[in-house]
Structures are given as C-alpha cells and as structure tokens.
Student: 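Structure below; questions to follow.
Just so we're clear, the structure is a prediction, and the values are computed from it rather than from any experiment.
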Amino acid sequence: MDLEVEDCASGTPQTLISKKPKHDEDASASDPGNSAVVGSPDSVNHLKSSAPGSLNSNNLRSSNSDITYHDDDGDGTGAGEDDAGFIEDDDYVSDYDDNDDFLYDDGYTGMQYQFDKVDFPPGVEAPLPWLNDRDSSANIPPSTRTLTISDIPDSKKQAAATSSSSIPADSKLKEKVEANEDAVMQKLQQFKQFDIVDDFSDHHFSRMGFSDGKPPKNWAKRIQEEWKILEKNLPDTIFVRAYEARMELLRAVIIGPAGTPYHDGLFVFDCLFPTTYPSSPPMVYYYSGGLRLNPNLYDCGKVCLSLLGTWTGKQNEMWIPEKSTMLQVLVSIQGLILNAKPFFNEPGYETTYVGAEGERRSMEYNDNAFILSLKTMIYTVRRPPKYFEDFVAGHFQHRARDILVACKAYMEGAPVGSVNDGARDDAGAQDDDGKRRSSDFKSTLAKMINMLITNFTKNGSTDIEQFRLLA
C-alpha cells in the first residue's frame, strides 16, 4: 500500500502539510540534492514515498536525504552509501571498508602471514647459524657474539633492573583507557539539556528566516519565552541548542524511549520558528540518514504530526497559538511518534488489522524498525551533530553494553522493546524461541551487532568484544 507524501524537494525548503500521507499512490523518490521541510508557509510540491507498512532494504537507498551533520574529517570527495546503508554527503568519506571481513581477522593469522613473507636465501634455514652448535660460541665473531649477564656493565645492570620493576605496558594502557572513559563520562554528566550556541552554519534552516535580519519585537519576546520554558521543563531525554545570532533556529536531540523499537537511539531534529510564529506552528526537519524507520518520519526529513499542521486531527490536537509551545512539539514527537507500536501510526491500521493479525504485523514492523534504529545509531556515532559531539560520544559509550545485551535477547526470541537497562521489563511476555522471526532478521541483526561493536569500540567502549558473532 503506497502513501502520498508532500515534498520539499525544490530549490528551497517547502511546506509539507500532512501528518500522514494518504494511501494508494505511487511511490518514487525525489531529487537527492533537496530535502523535506515541515510546516513552511509557502508552496507545496508532491513526492511519492515507499509503502508505510514495510521497512526493508529499499529504505536504505532513498534518494532524498539532506544530511548536514557535523563532519570531523571534512575531507571527503564523493557521495554514495556507506557500509551501513546510509546515504552520504559529498563532504564525507567513511573510514570503513566496504568489505567487513576484516572484523573477523585474528592476530595469529596476521602474524603467520608476516613470517611467511620472510625470504631466506636457498638452503638457509635460520638467520642465526650458531644456534645449531652451542659449543661454537667461542668461534663467533665479536660482532655477532651473544652477550651474557657478566658482559653487561654494572651501570647498565642497574638500569635494566630499574626498568624491569616498572609498570607493565598493558597496565599503563589500561589506565589510559580508564582515564579517557572517565573524561568522556564527565563531559556527558556536565552536558546541559538547554544551551545557547553561536555557529548555525550547518543548520537545515540556516538559509531561511527574516529577509531583513530584524524580527518584530513581539516575536523575539515570544521566542525568549519559549527558551525559558525549554530550559526549565525539558524531560531528561530531550536536549536542545538554541542560536544566539539566529533566534528562529533550534536543534533538538531526542533519546528513543524505553519499551519501543527506538530505545537508546538518538534522533536529531532541526526546528524553525517562522516569521508568523506563534500564529503558525514551527517547522521541523528530521535527520533520517536516508532511512524510513517510522510511518511519521520520512526519509526526506518530513515529520507528520497534527500539532505541526502536517496532518488533520481533532481541534485539541492542532496548533493553538495561545497555548501550544515548542516543548509540546518535542514531547509529542517522542511520545506519539517514537512509540511502542509504530505500525498503528498509519491511518486506519488500528481498525483494519485487529487481533492476532494486527499484533503479528506490528511485531514484524518493530523488528525492521529496530534494525533501522541500529543503523541510525551507527550513523550518529560516526557523524554527530554539531554541538552534540560530547553528548553522542558519552551516550553510546554509556549505553553500548545494554544495547548489545538487547540485541542478543532479540536474536533469542525476546520481543523488540522488552529489554531495558540490560534486563527484561516484560516478565509476562512469552518468547517465541525464534519461530516467528525470519532468518533475514536474525542474519541482519547478527551483522549489525558486529558493526555496532566495531563502531562502539572506536567510540571508546570497552569489554564488549564478547558479544561479537563469528561469520
């Protein structure tokens, strides 16, 4: 079943006005150079999207992805997809090979290969011939003679004794790793939920705003009120950065709620207060990485939500200028979109798919949504949004083990979303021993586990190699 999707794939961001697209329309992608915007007051174009009820590999090749995450390297030259299936920007070059076989190389194989490369002259079996005759040491030239303890000067004996009593190299390395982990976690603990920053150049809406650069006085006062509300009332799982030089811009990172296929993930949104705010709702863009992991979050960046005016709803669900706030928008995205059963976000699915059939389809959707959420984790670890680098590093270093514990449980039959903080939180739920799950899900999850370990380790996580699966 296809959906009609509003597009912002024109030269400038454009309005998208439906929380959820209508059904039974053709699915296609738009120009990869452009992106979707929510809530713009201007004109509307049309684009076709993939069917809502299925999350599969086609989502990984969406042509509509406007990715402006902060890239630490910044020396890339080509566009394409990385090994996790993400659509990359022209300014990014992944340092990961397309062939993941290197993940399974062991140290012995590499060492043996180095020995095999040694090229001795014909007939020579060892570079130290005197080892064949232990009594011939007297005939060995001084330049090649083996030293004994008695040959070493007293000063050097003392130096050697001092050196041997020093801390082993592996202990020093362990201390260095622990110090680094402590520094990362300290930055995470000190990371402010709300802060005002300067550089807005990578913001999705940086080219939009007031043409004369001078917003109305009443408008600026309302935005300052929004800042105060966010600073005082943000939940622990939502983090926001505002921009001093561009009050109309905002960036939010939302942690996926526990008990959902999005648990422990980080989801990034760029927001814009339009010139008509608060008479008009804010505009919101989702950084998808080219992945469609929720019926309400399109790979082109569109966010479908009644509160944003992108879908019809009851009067109390729509934007109310005198009451609605940006905080309400962010909390709604987290609670209403990133929920435990996103399959039923599709209009009419709650009544069309009921009983056991509805639950079966919902669980299959959750399986696929979880895979795409893992891919989003890898994407975010590699390319954290600007001003959130310390938060991303600390979050995934802190949550790495619990994420892998959940992956293992899901491979063994636990329902997606049933593992929280490394433990099952649905004691009444029954595992299906893997009978329901397809071999595709298990094989894909196994690959994702190994990719997560590789990326989490590079991010600074330790003691997670035990979760790696053999090919």
Side-chain angles (χ1 to χ4, degrees), residues 19 38 185-197 222-243 249-273 277-278 281-287 293-294 296-297 303-308 316-317 319-320 323-342 345 369-370 373 376-377 380 384-399 402-403 406 417-423 425-426:
K19 167 184 180 287
V38 176
M185 294 310 299
Q186 184 176 9
K187 289 181 180 179
L188 176 64
Q189 295 169 357
Q190 296 175 349
F191 194 83
K192 296 180 180 180
Q193 280 195 273
F194 179 87
D195 202 2
I196 300 175
V197 295
R222 174 60 190 265
I223 302 305
Q224 289 177 336
E225 292 176 357
E226 294 280 358
W227 286 3
K228 292 179 181 179
I229 293 173
L230 291 169
E231 187 173 14
K232 293 181 180 180
N233 301 288
L234 278 172
D236 294 339
T237 51
I238 299 179
F239 297 79
V240 171
R241 292 295 177 267
Y243 299 84
L249 303 181
L250 202 73
R251 173 166 291 170
V253 172
I254 298 176
I255 301 177
T260 75
Y262 311 106
H263 67 80
D264 297 308
L266 298 181
F267 303 90
V268 185
F269 300 85
D270 276 356
C271 309
L272 171 72
F273 295 105
Y277 190 85
M283 301 161 60
V284 180
Y285 175 88
Y286 166 59
Y287 283 95
L293 48 67
N294 186 286
N296 300 74
L297 301 176
V303 179
C304 288
L305 190 66
S306 298
L307 191 60
L308 296 175
N316 61 350
E317 298 174 346
W319 181 261
I320 303 175
K323 297 182 179 180
S324 301
T325 64
M326 177 59 74
L327 175 64
Q328 184 182 355
V329 170
L330 298 178
V331 172
S332 296
I333 291 174
Q334 184 181 54
L336 300 180
I337 294 180
L338 301 174
N339 61 44
K341 296 183 178 181
N345 286 10
F370 180 68
S373 182
T376 303
M377 292 182 190
T380 307
K386 192 173 182 63
Y387 292 117
F388 287 87
E389 295 90 346
D390 290 340
F391 174 71
V392 170
H395 171 80
F396 284 114
Q397 190 172 120
H398 175 60
R399 300 298 300 171
D402 289 336
I403 292 170
S418 64
V419 179
N420 184 33
D421 290 331
D425 57 7
D426 63 338

Student: Does the side chain of Phe269 come within less than 4.5 Å of Val240's, by heavy atoms?
Tutor: no
Student: One pair to check against ring-ring contact (aromatic ring centres under 6.0 Å, His included): Tyr285 and Tyr287. What are the steps and the verdict?
Tutor: CA-CA 7 Å; Tyr285 175 88; Tyr287 283 95; 5.2 Å; yes
Student: Quick check: does any side chain N or O of Trp319 sit under 3.5 Å from a backbone N or O of Pro282, one acting as donor and the other as acceptor?
Tutor: no
Student: Report the C-alpha distance between Asn294 and Tyr262 in whole Å, list the side-chain angles of each, state the deciding distance to 0.1 Å, and finish with yes or no for side chain to side chain donor-acceptor pair (under 3.5 Å).
Tutor: CA-CA 10 Å; Asn294 186 286; Tyr262 311 106; 3.0 Å; yes
Student: Give the minimum heavy-atom separation between Ile337 and Asn345, together with the two atoms involved.
Tutor: O-ND2, 3.4 Å
Student: Measure the spacing between SG of Cys271 and CE of Met326 and express it to the nearest 0.5 Å.
Tutor: 4.5 Å
Student: Rounded at 0.5 Å granularity, tell me how far OG1 in Thr380 sits from CZ in Phe396.
Tutor: 5.5 Å
Student: Check whether Phe191 forms a cation-pi arrangement with Arg241 (NZ or CZ under 6.0 Å from the six-membered ring centre, at most 45° off the ring normal).
Tutor: yes
Student: Mind running ring-ring contact (aromatic ring centres under 6.0 Å, His included) on Phe239 and Phe194 for me, showing each step along the way?
Tutor: CA-CA 6 Å; Phe239 297 79; Phe194 179 87; over 10 Å; no
Student: What orientation do Tyr387 and Tyr243 show, parallel under 30°, tilted 30 to 60°, or perpendicular over 60°?
Tutor: perpendicular
Student: Less than 4.5 Å apart, side chain to side chain, heavy atoms only: is that true for Pro342 and Pro261?
Tutor: yes
Student: Go through the structure and list residues passing side-chain hydrogen bond (donor to acceptor under 3.5 Å, both in side chains) with His395, not counting sequence neighbours.
Tutor: none
Student: Please find the pair of heavy atoms, one from Leu308 and one from Pro281, that lie closest to each other, and give the distance.
Tutor: O-CG, 3.4 Å
Student: Measure the shortest side-chain to side-chain distance between Leu338 and Leu297 over non-hydrogen atoms and say whether it is less than 4.5 angstrom.
Tutor: yes
Student: Quick one, Val253 with Phe267, criterion side chain to side chain contact (heavy atoms under 4.5 Å, CB included). Give me CA distance, side-chain angles, the key distance, then yes/no.
Tutor: CA-CA 6 Å; Val253 172; Phe267 303 90; over 6 Å; no
Student: Just by modelled atom types, is the Gln328 backbone N or O under 3.5 Å from a matching donor or acceptor in the Ser332 side chain?
Tutor: yes
Student: Taking side-chain hydrogen bond (donor to acceptor under 3.5 Å, both in side chains) as the definition, give me every residue that meets it alongside Arg399, ordered by chain and number, with sequence neighbours left out.
Tutor: Asp264, Asp402, Asp421
Student: Show, in sequence, the C-alpha distance, side-chain angles and deciding distance for Phe370 and Leu293, and conclude whether the side chain to side chain contact (heavy atoms under 4.5 Å, CB included) test is met.
Tutor: CA-CA 8 Å; Phe370 180 68; Leu293 48 67; over 6 Å; no
Student: Using side-chain heavy atoms (C-beta onward) and a distance below 4.5 Å, is Leu305 in contact with Asn296?
Tutor: no
Student: Run Leu266 and Ile254 through side chain to side chain contact (heavy atoms under 4.5 Å, CB included) and show every step you take.
Tutor: CA-CA 6 Å; Leu266 298 181; Ile254 298 176; over 6 Å; no
Student: Do Leu250 and Leu230 have side chains that get closer than 4.5 Å, going by heavy atoms?
Tutor: yes
Student: So how far is it from Thr260 OG1 to Asn420 CG, rounded to the nearest 0.5 Å?
Tutor: 9.5 Å
Student: Between His263 and Gly417, what is the shortest heavy-atom contact and its length?
Tutor: CD2-CA, 4.2 Å
Student: Can you tell me how far CD of Glu389 sits from NZ of Lys187, rounded to the nearest 0.5 angstrom?
Tutor: 10.0 Å
Student: After noting the C-alpha distance and the side-chain angles of Arg222 and Tyr277, does the key distance pass the side chain to side chain contact (heavy atoms under 4.5 Å, CB included) rule?
Tutor: CA-CA 8 Å; Arg222 174 60 190 265; Tyr277 190 85; 4.0 Å; yes
Student: By side-chain hydrogen bond (donor to acceptor under 3.5 Å, both in side chains), which residues pair with Gln334, not counting sequence neighbours?
Tutor: Thr237
Student: Donor-acceptor pair, distance only, cut-off 3.5 Å: does the side chain of Asn339 make one with the backbone of Leu336?
Tutor: yes
Student: Using 0.5 Å steps for rounding, measure from the CG atom of Leu327 to the CD1 atom of Ile238.
Tutor: 7.0 Å
Student: Nearest 0.5 Å, please: how far is CD in Gln193 from CG in Leu234?
Tutor: 5.5 Å
Student: Any sub-3.5 Å donor-acceptor pair from Glu317's side-chain atoms to Leu307's backbone N or O?
Tutor: no
